[in-house]
Amino acid sequence: MKYLLLLILFPLFSHAQKNASSQLLKDVEYLSSDSLKGRKTGTPENRIAASFVAARFKKLGLKAYTPNYLQPFSFKNRNGEEIQGVNVVGYIPGKKKDVLVISAHFDHVGVINGEIFNGADDNASGTAGLLSLAAYFAKNKPNNTLVFAAFDAEEMGLQGSKAFVASPPVSLENIKADINMDMISHNEKGELYVSGTFQTPGFKEYLPTSFGTLKLIAGHDDPKQGVNDWTNQSDQGSFNKKGIPFLYFGVEDHKDYHRATDEYKTINKPFFIDAVEVIRQVVKKMDEKI
């Protein structure tokens, strides 16, 4: 009977997994399309991207702390100009008051010298991964409250995540970790790095030892590494500076990093699908044990 049940369930699981992978690729393709003109903070196209994420949160049934999931903020750029940004934040209530924040920035650098910098890897990939994880946990209810945060203005100095931790929708004391994704779809060697275990060695127990051909490598978080220390180089840095543990998933810089060639056609699709699956496994294990 058990064997028969497995035969019935396996095709259903495979079909669901295939659909999730298809949606993941559709999301990164749309977010990195020319129509969004590189999603630069303060532009109409950036707001369209924010609305896209908010609409998906609503469709998935995530709850909102603010109207339409949008959390506006403002800051001054290097020229002293006032810039309006907006984070998109939804959550899935857990059985406990403890919180895991799952984050990715959705902005990029826009149009430069007439060229659209689509930012497929940076960071349409992380945003699509965020939506994929939200879809999974919307159907598989967590123990901890999971906050899904799509941050704006990372490219302008982590402004969105700074605004989030300055005026958090939940007590910072209840946030047990930030799991951040920034550039998770483009690596020719199949290497995905995870930073944060140098600061919190106990997090190593949540990391799989292997996953297919993808290599998950802990590193880029030792202060002695200088510019190769990624601790504060993406939105997890805002949490780290508040004393909140983190895991940051990303790839090393590649030839298309911050270039107009960072397009959907240049990402490594099988690697990207595997990367999101590995991150899902890590979040699931953290949720079960934290």
Side-chain angles (χ1 to χ4, degrees), residues 11-39 45-46 48-60 62 88 90 102-108 116-140 148-151 154 179-193 211-216 249-252 254-284:
L12 294 175
F13 174 76
S14 299
H15 180 69
Q17 193 174 40
K18 184 177 180 180
N19 285 345
S21 298
S22 175
Q23 186 63 59
L24 180 72
L25 294 177
K26 286 179 182 178
D27 287 343
V28 74
E29 183 176 22
Y30 171 69
L31 288 165
S32 61
S33 63
D34 284 352
S35 64
L36 293 187
K37 297 183 179 179
R39 311 180 306 280
E45 291 78 18
N46 173 278
I48 292 171
S51 296
F52 171 78
V53 174
R56 287 291 293 283
F57 280 0
K58 183 177 181 179
K59 184 176 181 180
L60 292 170
L62 271 63
V88 189
I102 303 170
S103 62
H105 76 90
F106 69 89
D107 65 294
H108 195 50
I116 299 175
F117 282 56
N118 288 304
D121 189 38
D122 187 12
N123 186 35
S125 67
T127 307
L130 182 80
L131 293 173
S132 181
L133 294 179
Y136 174 82
F137 286 104
K139 293 181 179 179
N140 300 271
F148 293 86
F151 292 131
E154 188 273 349
I179 300 97
N180 189 45
M181 296 169 282
D182 190 352
M183 297 173 56
I184 58 171
S185 67
H186 191 154
N187 185 271
E188 304 294 341
K189 297 184 289 185
E191 295 177 346
L192 179 69
Y193 277 87
F211 184 84
T213 59
L214 183 146
K215 296 183 282 290
L216 183 63
F249 294 88
V251 299
E252 291 185 323
H254 47 74
K255 61 182 178 63
D256 301 308
Y257 171 66
H258 272 209
R259 294 181 182 273
T261 51
D262 184 9
E263 301 178 293
Y264 177 70
K265 65 183 180 182
T266 62
I267 69 171
N268 308 117
K269 296 175 183 65
F271 170 80
F272 178 40
I273 291 168
D274 285 350
V276 173
E277 173 58 20
V278 166
I279 296 167
R280 184 194 67 79
Q281 290 182 16
V282 172
V283 175
K284 187 173 184 292

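What's counted below: heavy atoms across the whole structure, side chains too, no hydrogens, waters or symmetry copies. Positions are given from 1 along the sequence.
Of all heavy-atom pairs spanning S21 and I273, the tightest one is OG-CG2, 3.4 Å. Shortest non-hydrogen contact noted between L36 and A49 is CD1-CB, 4.2 Å. Across H108 and D122, no two heavy atoms sit closer than the pair ND1-O, 2.7 Å. Between I267 and A120, the shortest heavy-atom distance links the atoms CG2-CB, 3.9 Å. The heavy-atom pair separating F211 from Q281 by the smallest distance is CE1-NE2, 3.3 Å. Between Y264 and S32, the shortest heavy-atom contact is CB-OG, 3.8 Å.
Side-chain polar atoms of T261 and D256 form a donor-acceptor pair below 3.5 angstrom. Of the N and O atoms on the side chains of Q23 and N19, not one donor lies less than 3.5 Å from an acceptor on the other residue.
The line from CD1 of I184 to OG1 of T127 is 9.0 Å long, rounded to the nearest 0.5 Å. Taking OG of S125 as the reference point, atom CZ of F271 lies at 9.5 Å (rounded to 0.5 Å).
No more than 12 heavy-atom neighbours from other residues, nucleotides or ligands sit within 6.0 angstrom of NZ on K26.
Side-chain contact between L192 and V251 is present, with heavy atoms from C-beta onward closer than 4.5 Å. By the 4.5 Å heavy-atom criterion applied to side chains, L25 and F272 are counted as neighbours. I179 places none of its side-chain heavy atoms less than 4.5 Å from the side chain of V282. Within the 4.5 Å cutoff, no side-chain heavy atoms of R39 are placed close to those of E45. Side-chain contact check for V53 versus F57: some heavy-atom pair is nearer than 4.5 Å. Annotation: side chain of N46 is in contact with side chain of F106 (closest heavy-atom distance under 4.5 Å).
In terms of modelled atom types and a separation under 3.5 Å, the side chain of N123 and the main chain of M183 share a donor-acceptor contact. The backbone N or O of D27 sits nowhere less than 3.5 Å from a side-chain atom of R56 that would complete a donor-acceptor pair.
Counting only residues at least two apart or on different chains, the salt bridge (charged side-chain N to carboxylate O under 4.0 Å, His left out) pairs with a member in residues 260-272 are E263-K265. Residue pairs meeting the side chain to side chain donor-acceptor pair (under 3.5 Å) criterion with at least one member in residues 179-190, sequence neighbours excluded: S103-N180, H105-D182, D121-S185, N180-S234, N180-Q236, D182-S234.
Partners of F151 by ring-ring contact (aromatic ring centres under 6.0 Å, His included), not counting sequence neighbours, listed by chain and number: F164. Annotation: side-chain hydrogen bond (donor to acceptor under 3.5 Å, both in side chains) contacts of Y193 (sequence neighbours excluded): none. A search for salt bridge (charged side-chain N to carboxylate O under 4.0 Å, His left out) contacts involving K284 returns E288, not counting sequence neighbours.
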Contacts table for residues 129-140: side-chain donor-acceptor under 3.5 angstrom, sequence neighbours left out:
| residue | atom | partner | partner atom | Å |
| --- | --- | --- | --- | --- |
| Y136 | OH | R280 | NH1 | 3.2 |
| N140 | ND2 | Y136 | O | 2.8 |

